[in-house]
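Okay, so here's the structure we're looking at.
Numbered from 1 within each chain, the chains take letters A, B, ... in sequence-line order.
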2 protein chains.
Amino acid sequence: MDQELKKPGKADRTRAAILAAAQQLFAGQGYELTTVRDIAAIADIDPAMVIRYFGSKDELFARAAVFNLKLPDLSKAERSEIGETLVRHFLSLWEGENANGAMPILLRSAASNKTAANKLREIFMGQVLPALTHAGGRSGAAERAGLVSSQLLGLALCRYVLKLPPVVGLSQDMIIREVGRTIQRYATGEQ
Amino acid sequence: MDQELKKPGKADRTRAAILAAAQQLFAGQGYELTTVRDIAAIADIDPAMVIRYFGSKDELFARAAVFNLKLPDLSKAERSEIGETLVRHFLSLWEGENANGAMPILLRSAASNKTAANKLREIFMGQVLPALTHAGGRSGAAERAGLVSSQLLGLALCRYVLKLPPVVGLSQDMIIREVGRTIQRYATGEQ
DNA sequence: TGCATTTGTCAACACTTGTTGACATTATGC
DNA sequence: GCATAATGTCAACAAGTGTTGACAAATGCA
């Protein structure tokens, strides 16, 4: 289970506590408003430990904001179901059991933190764009990826960050159906 | 032209300079990262004047972030052109001649500043939702407004804040055509 | 001219920030 | 047992924050 082996000594537990507290706060109020002292208070340790274990606030943020889209192989999916497949994938990634909340973390801080903004750019340029290239051919892949990104990130922004009531209230089924159709058209040009 | 009348005394000019500098910085790096001293430096005045003229950094932000969607009356538009009309309207509002950049200001700070987040919520709840209620009937208006908001805000986020290259590269025509179709479907349920 | 108001300058305040180093405490291996 | 390393505590630092008040310069009016 563990990656660095050894018994789960005391150090590892406080390390994990710090990371959990950091993720909670970064996701809730973004990078700038989250202080090392707040993180330490929630993790119930000394602020100095945060620095000792992670080097700096910046490095801690980088650790707290790692995540992978793990996009499914769209070339194997039914072509007519690419949209719904993608939306379903993102929804389960964002609010499924294994969701680690990294998306809100990035989205909340991307507006003012360059590390977060770059990470978001990398994710969508490096994963969404190639996936769509495979799915719909090379021509216009950039445009299609841009449109897809705008809809998916907009959904995440309204639902998890701004928490616009009408968007929060949307059922997963409705999102999959309606947004899925949009993504389908953007991705394939059909309809 | 002026609203408070009187000759445009020296005070009004520095007031305007402060506001312009504030808008520039708020739009570029958000509320938290923008300091009163930075604003003063760009406006080429003393930091104390910023407070003297606007009371506090918070009040200055509130002044810098006022704007109105001025949504067209959708009930009078061709029903089949609601989507394109809306997208065209937002594009000209965001990057037309009279664009004041208030949208990036709000969007960039909304993630961490409650004033900005509330303002965004108010705008979309108070203007987009009613407009769609008129346009497509009362039933499901909230859901439709939510979907429309997610696409429009996502577009603004990717294009002006995150500056994702594929989204920045989209031509206005393409946006009007492609996103317009999405908005059309969300707003009317047609297609 | 003189006076009063407006406009601007300067230094400092109280506070918070990330980060550091010296020291105490606890656990581990011999 | 002891020595050594790991882990935690504490106080302080330098820098930067929004904001304030006392004072100087400029401007307009009589």
Going by heavy atoms in the side chains, are B:Leu164 and A:Leu120 under 4.5 Å from each other? no
In whole angstrom, give the distance that lies between atom CZ of A:Arg15 and atom P of D:dG8. 12 Å
Quick one: do B:Arg181 and B:Glu84 make a salt bridge, cutoff under 4.0 Å? no
Hey, can you pull the residues of residues 37-49 of chain A with a non-hydrogen atom under 4.0 angstrom from DNA chain D? A:Arg37, A:Asp46, A:Ala48, A:Met49
At their closest point, which heavy atom of A:Leu153 faces which heavy atom of B:Cys158, and how far apart are they? CD1-SG, 3.8 Å
State whether B:Tyr31 and B:Lys57 meet the cation-pi test: NZ (Lys) or CZ (Arg) under 6.0 Å from the six-membered ring centroid, and within 45° of the perpendicular axis. yes
I'd like to know if B:Arg185 and A:Glu178 make a salt bridge, using a cut-off of under 4.0 Å between side-chain N and carboxylate O. yes
Measure the distance from CD1 on A:Ile18 to C1' on C:dT19 and round it to the nearest whole Å. 14 Å
Indicate the ring-plane relationship of B:Phe26 and B:Phe61, choosing parallel, tilted or perpendicular according to the 30° and 60° boundaries. perpendicular
Specify the separation, in whole Å, of atom CD of B:Glu32 and atom P of D:dG16. 18 Å
Looking at every non-hydrogen atom in both residues, tell me the closest pair between B:Val179 and A:Leu147 and how far apart they are. CG2-CD2, 3.8 Å
A:Arg63 atom CZ, over 12 foreign heavy atoms within 6.0 Å: no
d(CZ, A:Arg13; C1', C:dT26) in whole Å: 13 Å
Pairing donors with acceptors under 3.5 angstrom, does anything connect the side chains of A:Gln151 and B:Ser150? yes
Any chance the side chains of A:Ser112 and A:Glu32 put a donor and an acceptor closer than 3.5 Å? yes
Identify, between B:Thr14 and A:Thr35, the residue whose nearest nucleotide on DNA chain C lies closer to the 5' end. B:Thr14
Stretch residues 50-60 of chain A: residues that reach within less than 4.0 Å of DNA chain C through a heavy atom: A:Ile51, A:Ser56, A:Lys57
Starting from C1' on C:dT16, measure out to CG on A:Leu33 and report it in whole angstrom. 13 Å
How about B:Arg15: does its CZ atom have over 12 heavy atoms from other parts shown lying under 6.0 Å from it? yes
Rounding to 10 degrees, work out the angle separating the end axes of the helix from C:dG2-D:dC29 to C:dC30-D:dG1 (five pairs an end). 0°
